[in-house]
Each structure stands twice: as C-alpha cells, then as structure tokens.
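Every number for a ligand or one of its atoms is a count from 1 in the order of the listing. Note: hydrogens, waters and symmetry copies are ignored here, and every other heavy atom, side chains too, is used.
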Amino acid sequence: MTTTADITAKYQQYVMPTYHPPSLALVKGKGTRVWDSNHKVYLDFVGGIACQNVGHCHPKVVAAIQEQAAKLVHVSNLYYNEHQGALAEKLSNLSLGGKAFFCNSGAEANEALIKLARLWGSDLGKYEVVSMKNSFHGRTLATLAATGQTKYQDGFEPMPDGFFYAELNNMDSFKGVVSDRTAAILVEAIQGEGGVIPATPEFMQAVRALCDKKNILLFCDEVQCGMGRTGNWFGFQGTGVTPDAFSMAKSLGSGYPVGGIVTGPKLADVLQPGKHASTFGGSPLASAAALATIRVIEEEGLVERAADIGTEFQEALGDFVEAYEHVKEIRGRGLMIGMVFDQPAKPFAKILAENGLLAIPAGENVLRLLPPLNVKNSELDEALEIMDDALAEWHGVEKPSDEE
Ligand SMILES: *Cc1c(COP(=O)(O)O)cnc(C)c1O
C-alpha cells in the first residue's frame with residue numbers, strides 16, 4: 001500500500017507546484033464521506049469543489065460510468081454517439097429551451113460563451129464582454145481576462161482585449177463600462193470563489209433590462225452554482241431572469257470531467273460547422289456520467305431537498321453568529337453556503353479538517369460549505385457539532401452550548 005509519505009514525495013518531485021501543498025491525500029469516498037491515506041474518515045463539505053452534488057461514488061453514477069466505459073469511451077464529434085443528444089435535450093428542457101455544446105471544464109465552457117458572444121456580435125461591431133469584479137470564470141487567457149480579480153492575472157499580461165468589469169449588485173457600476181461594443185454581460189448568480197456572494201434578484205432583473213435595452217447578451221456562469229445546488233436547477237432560476245446562454249461544468253458529471261453551455265432559441269444556431277469544437281466534448285462516457293447524475297438528482301428530489309435543508313442548515317449555522325465573535329454572517333442559497341469571518345478563514349478550515357470536516361475558504365474571510373445535496377440530516381448535525389467544537393477551539397473558549 002502506498003503511504004502518505006510516498007504520495008507526498010512524488011508530488012514534490014514531479015508535480016508542478018501550482019497548488020499550495022495539501023495536508024491530506026484522499027483515497028476513497030462514499031456519499032458525504034472521504035477517507036485519507038491514513039484511514040482517517042472525514043465529512044466532505046468540499047466535494048471536489050462543488051462537483052459531488054449527488055455524493056461520492058453514487059451507485060447509479062458508478063454503474064453508468066462502468067457500463068459505458070466497457071462499451072464505448074470516446075469516438076470524437078465526427079460521429080454521433082448514443083448519449084450526447086439525450087443529455088442536450090435534458091439540459092435544454094431544464095433551462096432555456098435552445099441547444100447545448102459540450103466541452104470538458106468550466107473554463108472551456110466560459111471560453112465557448114465568449115466565442116459565442118464575439119461571433120454573434122461580429123456583424124454588429126460588438127465584441128466586448130463585461131463581467132463582475134470579484135468574479136471567477138477560469139484560467140484560460142480569455143476566461144482569466146473575464147475573471148475580475150487581478151491577483152489571478154498578475155504576471156500573465158497582456159490580457160486579451162475587450163474585457164471590462166462592473167460590480168455585482170451595483171447597477172451604477174455599469175456606467176462608462178457598457179458601450180455600443182458590448183456583446184455580453186457575464187454574471188455568476190452566486191459568486192463562488194469570490195466569497196459565496198448571491199446576486200440579488202433586483203440586480204439580475206436590472207441587468208436583464210439593460211441587456212434588452214442595449215441589445216447585449218446576458219450570460220450566466222453556472223459552473224459552481226448550477227445542478228441543483230442553490231435549490232433551483234440553475235442559480236439564475238432563483239433570480240427571475242432568463243439569460244441568453246449559460247455555462248456549466250463542476251457537478252455536471254459527478255466529477256467525471258464534462259462542461260458545456262446551453263443557449264436559448266436565439267443563439268442556438270450561431271456556432272456553425274467549423275466555428276468551435278472539442279475533441280473529447282460530450283463523449284459517450286462523459287454524457288453517460290452527466291445523464292446518470294441528472295437522473296439521480298431528479299429521482300431523489302435533490303433540487304427541492306437543497307432548498308429545504310439548505311434553509312434549515314443556514315438557520316442552524318446562524319446560531320454561531322450569536323455565539324462566536326469571529327463569525328459575522330451566514331449567506332448563500334440552498335446548499336451553497338458561506339460562513340463569513342472577521343479574519344482569514346484558512347486557519348479555521350485547518351482546525352475543522354483535524355476534527356474531521358473538510359471545507360474550503362472562498363475569498364479571504366469566507367468558509368465555503370458545499371455538502372452533497374443528498375447529505376443526511378444526521379451528517380449535517382454531525383457537521384454542526386464539529387464546527388461548534390472547532391469554533392470554540394479557534395476562539396480559545398468553552399463551547400457556549402456546554403455552559404449552562
Ligand atoms: C471552477 C469555476 C470555473 C472554472 O472551472 P474549471 O473546470 O476549473 O475550468 C469557472 N467558473 C466558476 C464560477 C467556477 O466556480
């Protein structure tokens with residue numbers, strides 16, 4: 001058996017140090033739990049960063065992947081495959097009623113949106129994309145340019161041209177940013193990496209109105225907040241707007257890499273043969289994984305469940321705001337939850353992990369909680385208990401709940 005030291009040593013010698021060295025190597029997962037290389041078990045509220053909306057190794061997703069892997073893995077998009085059309089149909093029916101394009105990651109999906117905007121706008125003299133400050137859209141050059149956080153761009157200049165930034169929940173910030181050249185406005189219905197910050201319905205509706213008035217496309221990045229996590233299939237559905245297209249990835253294939261975009265009818269046929277492509281996109285295996293994931297979400301009623309238990313869990317977490325000085329606010333929608341502190345969240349995440357709960361920071365002072373949508377009530381209670389202990393430890397106090 002490979003030891004933790006062996007695993008760590010190989011990373012240090014052979015894997016580029018693009019990530020801060022993790023303290024754990026994970027070797028197994030089931031539902032809400034993962035096991036590390038020392039056989040310690042954790043409640044996983046990271047889920048591969050919002051990729052495990054149906055939990056680790058869901059039997060139905062595993063079966064679909066195993067069956068398809070033994071039958072046909074990949075043939076390219078030079079041929080039709082059995083599942084891609086069915087997946088596109090499903091996603092279209094759940095959202096905008098247009099057509100889908102498939103790729104392999106969130107960045108690629110947003111890249112496809114940006115190319116779609118430019119092609120649509122090419123005869124209109126429109127090519128600019130306005131995204132939000134503090135957003136996150138990926139690490140390719142174009143999506144990095146759309147990402148409104150200079151810390152990710154530093155050292156990679158010059159950024160591609162045509163990217164401008166407004167502020168989430170601030171309509172005034174569009175003044176002087178939107179022009180006749182603006183092709184699209186790109187928004188996360190809930191900013192994920194930026195700190196779990198929901199866009200208000202009023203803001204989303206005002207952006208939609210601005211887009212309609214100026215003939216601008218509205219795009220939503222659903223890579224993190226999609227697939228039921230917020231208590232709607234897609235985050236924008238909770239804000240009362242219909243975008244012209246949106247991107248997906250993360251939880252779409254339960255961790256099997258698959259990304260894509262879905263359009264409304266207006267943009268369904270903009271990308272004609274030769275205009276965009278992906279070798280692996282929507283492969284038989286990727287499409288089977290995504291279809292199985294969607295089926296599980298439907299069969300287990302997980303969209304409704306995310307809404308219901310999300311509200312309950314957020315209320316329970318609200319007690320920590322009363323009880324602990326460093327906890328300032330609980331925010332989010334459904335099971336996309338941020339715990340806001342008065343200081344960096346990273347040291348707290350470390351204490352949580354030692355106590356058996358995995359959760360990651362988002363932004364500087366926010367801890368992100370992303371349990372699977374089929375997390376058990378008992379597991380949420382267990383997580384609350386671990387958090388209570390860890391908060392007391394972090395604050396250097398007795399648990400207020402133990403004092404009577
Ligand atoms: C993770 C993320 C991306 C990038 O996805 P990758 O699969 O890492 O390329 C883009 N947008 C949002 C909102 C994300 O959370």
Would you call the rings of [X] and [Y] parallel, tilted or perpendicular, taking 30° and 60° as the class edges?
X    : Y    : answer
F45  : F313 : perpendicular
H326 : W394 : perpendicular
F280 : H74  : perpendicular

*Go through ligand 1 atom by atom and flag the ones less than 4.0 Å from a non-hydrogen atom of N110.*
10 (C), 11 (N)
_Show the atoms of ligand 1 that are less than 4.0 angstrom away from any heavy atom in S105._
7 (O), 9 (O)
*Report yes or no: do T293 and N53 form a side-chain donor-acceptor pair below 3.5 Å?*
no
Ligand 1-proximal atoms of [X], by part, heavy-atom distance under 4.0 Å:
X    : value
K250 : side chain
E188 : side chain
T143 : neither

What is the closest protein heavy atom to [atom], and at what distance does it sit?
atom                    : result
atom 9 (O) of ligand 1  : A107 N, 2.8 Å
atom 5 (O) of ligand 1  : G106 CA, 3.3 Å
atom 11 (N) of ligand 1 : D221 OD2, 2.7 Å

Would a distance-only check, ignoring hydrogens and angles, find a side-chain to backbone donor-acceptor pair under 3.5 Å from [X] to [Y]?
X    : Y    : answer
S92  : E89  : no
D244 : L217 : no
R181 : Y127 : no

_So for ligand 1, is E108 a polar contact partner (N or O within less than 3.5 Å, distance only)?_
no
*Give yes if a backbone or side-chain nitrogen or oxygen of G138 is under 3.5 Å from a nitrogen or oxygen of ligand 1, and no if not.*
no
